[in-house]
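Working notes for the structure below.
The residues of the chain are indexed from 1 along the displayed sequence. This one's a predicted model, so the numbers in the text were calculated from it and none came from an experiment.
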Amino acid sequence: MLTRLGYLAVTHAFAVLRLLPMSDRDMDAEILALCHQLMVLERQLGKGRVRFTPTDRAFLAALLHRLPRDVLGSIRLLVRPDTVLRRHRSVVARRHAAASRPKRPGRPRTVQSVRALVLRLAKENPGWGYRRVHGELLVLGVKVAASTVWQILKEAGIDPASERACSTWADFLRSQADALLACDFLETVTLSGARLYVLAVIEHASRRIRILGATAHPTASWVTQAAKNLVVDLEDAGCRVRFLVRDRDGKFPALFDAVLADAGIEVVLSGVRMPRMNSVMERWVQTCRCELLDRTLIWNHRHLLYALREFERFYHTHRPRQGIANARPLYPLPAPIIDPDQIASLDIRRRERLGGILREYRHAA
């Protein structure tokens, strides 16, 4: 539009220069000729209307706005005088609005560190609404409006309302991890076709596994004795447990729950066909199958116990666990190597267990 407006201004300037040497009689004759052409145009258009582009409107308004209304009424125009004046007011209003518009509209954007802190508080505390997060920010000395906190959470796709306060099964497991055990039966088949059942227990907090035994006939007496052995092991280790999660398998007799109840351990049953309620134990069962049982042939009951004990030691002392930040159940992660020379000359040795099924990698002594 600006380019066209400039073009029209230049062409009309040359037209004015052309009118300078003309006499008043010649200019009057040209004006009459132009008026007659407008009359012919209006007669041919009939009820139709002449379409002006925004550039034509702006140029016409700028050219004629200084003329009085009575003079505009006497001039032969394709539009009414009020239309010309209205277009001029519109041009002036848009120019004033463009000059008055601030360079950075609206309030200044919240500092990125504050936004990250709001999202962190909401993520680490799912039960907090936006007003609770706002209060925590004020305690930390960060002064922002509650509406700003609401907007940050909304833009991140987090519901600012208190509906996030509902507790989930995963939240319960994380909050009770230090006092929570989980158990399950694991099945395997020997070379002779005999089916053996393995009973294992895992600690949620440390991911430490306890293999209570294996048998071809998990009778009520055998399972009850395994529960008694578990209670003794927990007392010797000084482990204070309040809950034990198990499924509704019929291999668990009522005496199993009674023995644990006498020790102060409450049994929590998972839902029907809901393995995720015992996800930690189910994940270990999958690991044991993929890394041990599916990669070796079990000869008999004795060989199964030997393989499970080796896997238990490997699992506790070497294998990293994602559930505890890739640490080992009995050992934390070592300090990272920051010496460039030591990294450049790594000497890693391999140690094999169970004939190479399990492999450990360590630094050379």
Side-chain angles (χ1 to χ4, degrees), residues 167-190 193-289 292-293 298 300-309 311-312 315-316 323 329:
S167 180
T168 62
W169 179 256
D171 297 334
F172 168 76
L173 295 180
R174 282 191 292 267
S175 63
Q176 302 292 335
D178 292 336
L180 198 62
L181 291 178
C183 70
D184 199 3
F185 277 97
L186 171 65
E187 297 181 13
T188 187
V189 180
T190 64
R195 186 175 300 275
L196 298 177
Y197 300 89
V198 180
L199 179 58
V201 177
I202 191 171
E203 298 179 10
H204 273 228
S206 63
R207 296 299 196 271
R208 180 176 179 178
I209 194 72
R210 285 184 170 87
I211 298 177
L212 302 183
T215 181
H217 305 285
T219 60
S221 59
W222 186 89
V223 178
T224 303
Q225 185 60 44
K228 294 179 180 178
N229 297 339
L230 173 63
V231 172
V232 173
D233 291 343
L234 294 176
E235 292 178 353
D236 294 342
C239 183
R240 302 182 62 182
V241 179
R242 293 185 56 193
F243 302 98
L244 182 139
V245 181
R246 69 170 179 86
D247 56 18
R248 300 173 184 267
D249 197 335
K251 302 182 187 67
F252 293 103
L255 286 177
F256 180 85
D257 297 346
V259 171
L260 296 176
D262 292 340
I265 302 175
E266 180 181 351
V267 176
V268 179
L269 300 180
S270 61
V272 179
R273 295 185 180 181
M274 297 180 64
R276 284 196 173 188
M277 294 186 68
N278 199 5
S279 58
V280 176
M281 188 70 224
E282 294 290 345
R283 186 65 182 87
W284 181 86
V285 171
Q286 181 183 3
T287 300
C288 184
R289 289 187 183 278
L292 177 64
L293 299 179
I298 302 299
N300 49 33
H301 178 267
R302 181 178 178 181
H303 182 218
L304 175 62
L305 290 180
Y306 171 76
L308 290 174
R309 298 304 178 191
F311 183 74
E312 183 180 359
Y315 186 87
H316 287 163

Distance, nearest 0.5 Å, that separates CG of Leu255 from OG1 of Thr224 = 4.5 Å
What heavy-atom pair brings Pro253 and Val223 nearest, and what distance separates the two atoms?
-> CD-CG1, 3.6 Å
Least distance between heavy atoms, Ala200 atom then Trp284 atom | CB-CZ3, 3.9 Å
Arg242 atom CZ, over 12 foreign heavy atoms within 6.0 Å | no
Least distance between heavy atoms, Arg309 atom then Ile211 atom = NH1-O, 3.1 Å
Side chains of Ile298 and Val189: closer than 4.5 Å at any heavy-atom pair?
-> no
Non-hydrogen side-chain atoms of Ile209 and Val201 separated by less than 4.5 Å | no
Straight-line distance of Tyr197 OH to Asp249 CG, nearest 0.5 Å = 9.0 Å
Can you list the steps and then say if Leu308 with Cys288 is a side-chain contact (heavy atoms from CB on, under 4.5 Å)?
-> CA-CA 9 Å; Leu308 290 174; Cys288 184; 4.0 Å; yes
Apply the test side-chain contact (heavy atoms from CB on, under 4.5 Å) to residues Leu181 and Ile202: give CA-CA distance (whole Å), side-chain angles for both, the deciding distance (0.1 Å), then the verdict.
-> CA-CA 6 Å; Leu181 291 178; Ile202 191 171; over 6 Å; no
Supply the atom-to-atom distance Leu212 CG to Leu199 CG, rounded to the nearest 0.5 angstrom.
-> 4.5 Å
Locate the shortest heavy-atom distance separating Arg207 from Pro329; write the atom from each residue and the value.
-> O-CG, 3.7 Å
To the nearest 0.5 angstrom, please state how far the CG atom of Asp257 sits from the CZ atom of Phe252.
-> 8.5 Å
Taking the side chain as C-beta and beyond, is there a heavy-atom pair between Asp247 and Asp184 under 4.5 Å?
-> yes
Presence of salt bridge, Glu282 and Arg276, under 4.0 angstrom | no
Ile265 versus Leu234: any side-chain heavy-atom pair under 4.5 Å?
-> yes
If you look at every heavy atom in Val241 and Ala179, which pair is closest and at what distance?
-> CG1-O, 3.7 Å
Is there a side-chain contact between Asp233 and Arg210 (heavy atoms, below 4.5 Å)?
-> yes
Decide side-chain contact (heavy atoms from CB on, under 4.5 Å) for Met277 and Val245; before the verdict, give the C-alpha distance in whole Å, the side-chain angles of both, and the deciding distance to 0.1 Å.
-> CA-CA 8 Å; Met277 294 186 68; Val245 181; 5.7 Å; no
With side chains defined as the heavy atoms from C-beta onward, is the minimum distance between Ser270 and Arg246 less than 4.5 Å?
-> no
Please round to the nearest 0.5 Å and tell me the distance separating atom NE2 of His316 and atom OG of Ser206.
-> 7.5 Å
Using a 4.5 Å cut-off on heavy atoms from C-beta on, say whether the side chain of Leu186 contacts that of Leu293.
-> yes
Minimal non-hydrogen separation, His303 against Asn300, with atom names = N-OD1, 2.8 Å
Aromatic rings Trp222 and Phe185: how do their planes relate, parallel, tilted or perpendicular, breaks at 30° and 60°?
-> tilted
Take Thr188 and Leu304 through the test side-chain contact (heavy atoms from CB on, under 4.5 Å) and record every step on the way to the result.
-> CA-CA 9 Å; Thr188 187; Leu304 175 62; 3.8 Å; yes
Just checking, any donor-acceptor pair under 3.5 angstrom between side chains of Arg283 and Thr287?
-> yes
State whether Glu187 and Arg195 are salt-bridged, where the test is any N-O pair (Lys NZ or Arg NE/NH1/NH2 against Asp/Glu carboxylate O) under 4.0 Å.
-> yes
Just wondering, do Phe256 and Lys251 contact through their side chains at under 4.5 Å, heavy atoms?
-> no
Gap between atom OG1 of Thr190 and atom CG of Leu196 - 0.5 Å precision | 5.5 Å
